[in-house]
Colleague: 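Encoded as structure tokens, here's the structure I'll be asking about.
Just so it is clear: chains get the letters A, B, ... in the order the sequence lines come, proteins before strands, and each one is counted from 1. As the structure is a prediction and not an experimental result, all values here were calculated from the model.
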Amino acid sequence: GENVEQHPSTLSVQEGDSAVIKCTYSDSASNYFPWYKQELGKRPQLIIDIRSNVGEKKDQRIAVTLNKTAKHFSLHITETQPEDSAVYFCAASINNDMRFGAGTRLTVKP
Amino acid sequence: NAGVMQNPRHLVRRRGQEARLRCSPMKGHSHVYWYRQLPEEGLKFMVYLQKENIIDESGMPKERFSAEFPKEGPSILRIQQVVRGDSAAYFCASSPGLKEAQYFGPGTRLLVL
């Protein structure tokens, strides 16, 4: 099965609302969890990351939370804007490298 | 400080030809990763290399695909005898170390006719 599962696959919110994307991972040894944003036709861009020694990290309108016991982590975007519309990927370090979730297509309606 | 570079950005091949994709990591990065992305899908891990070594190739098909990261020069992903199903975007990423942030190149979009 997949090492990293991501939900939902699509998410539509109204401008100004919050968006939450959740991921679970299977390897208890994973200790690094980045999030990437990919706009149409462009490369994935790192937007925030968290290591297993912290439970939460925030950068302006973006925050990530990590629950090591439950092996899940979440991306929270507050006060969403149309330019937040993109595909978001979570990832978790697995053995020697990284495994990505299948992505969440976020649409922010003006 | 240039980011991860990939070339070509677009590559068209006919079935049976060879495709060679190049990736130059960010300065100071010695870890390179290759991913494949089909339209409307996620990033599928293919291979992880350090200079002159393949660390993990578990995501790469055993036939027709190979990768290298020589002591000098870019990392190369080579696809022999391409088939239509190889059409995809191939992204390279680099990082300064194990379990560190990976930074992606612009990708090579391969189209097999």
Colleague: So if I take each residue of residues 33-45 of chain A and look for any heavy atom under 4.5 Å from a heavy atom in chain B, which residues do I end up with?
Modeller: A:Tyr36, A:Gln38, A:Gly41, A:Lys42, A:Arg43, A:Pro44

Colleague: If you count the non-hydrogen atoms of other residues, nucleotides and ligands that lie under 6.0 Å from CZ in B:Phe104, is the total more than 12?
Modeller: yes

Colleague: Using only atom types and a distance under 3.5 Å, with no angle test, would you say the side chain of A:Arg99 pairs donor to acceptor with the backbone of A:Val4?
Modeller: no

Colleague: Any sub-3.5 Å donor-acceptor pair from A:Thr104's side-chain atoms to A:Leu106's backbone N or O?
Modeller: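 Checking the backbone N and O of A:Leu106 against the side chain of A:Thr104, no donor-acceptor pair under 3.5 Å is found.
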
Colleague: Is the side chain of B:Gln50 donor-acceptor paired with the backbone N or O of B:Val32 at a distance under 3.5 Å, no angle test?
Modeller: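 Not a single qualifying donor-acceptor pair exists.
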
Colleague: Do the numbers put B:Arg78 on top of the ring of B:Phe65, so that NZ or CZ is under 6.0 Å from the six-membered ring centre and no more than 45° off the axis?
Modeller: no

Colleague: So, the side chain of B:Arg64 versus the backbone of B:Gln80: is there a donor-acceptor pair under 3.5 Å, distance only?
Modeller: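 A pair under 3.5 Å: yes.
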
Colleague: Using non-hydrogen atoms and a limit below 4.5 Å, what part of residues 57-80 of chain A faces chain B?
Modeller: none

Colleague: With a 4.5 angstrom heavy-atom cut-off, which part of B:Gln6 approaches chain A: side chain, backbone, both or neither?
Modeller: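 Contact with chain A involves no heavy atom of B:Gln6 at all.
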
Colleague: Under 4.0 Å between a Lys/Arg side-chain N and an Asp/Glu carboxylate O for B:Lys51 and B:Glu72?
Modeller: no

Colleague: Please examine the side chains of B:Arg15 and B:Leu113, heavy atoms only from C-beta on, and report whether any two atoms are closer than 4.5 Å.
Modeller: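 Sidechains of B:Arg15 and B:Leu113: no contact.
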
Colleague: For the pair B:Thr108 (side chain) and B:Leu21 (backbone), establish whether a donor and an acceptor sit closer than 3.5 Å, ignoring hydrogens and angles.
Modeller: no

Colleague: Count the heavy atoms of every other residue, nucleotide or ligand shown that sit under 6.0 Å from CD of B:Glu57, and state whether that count exceeds 12.
Modeller: no

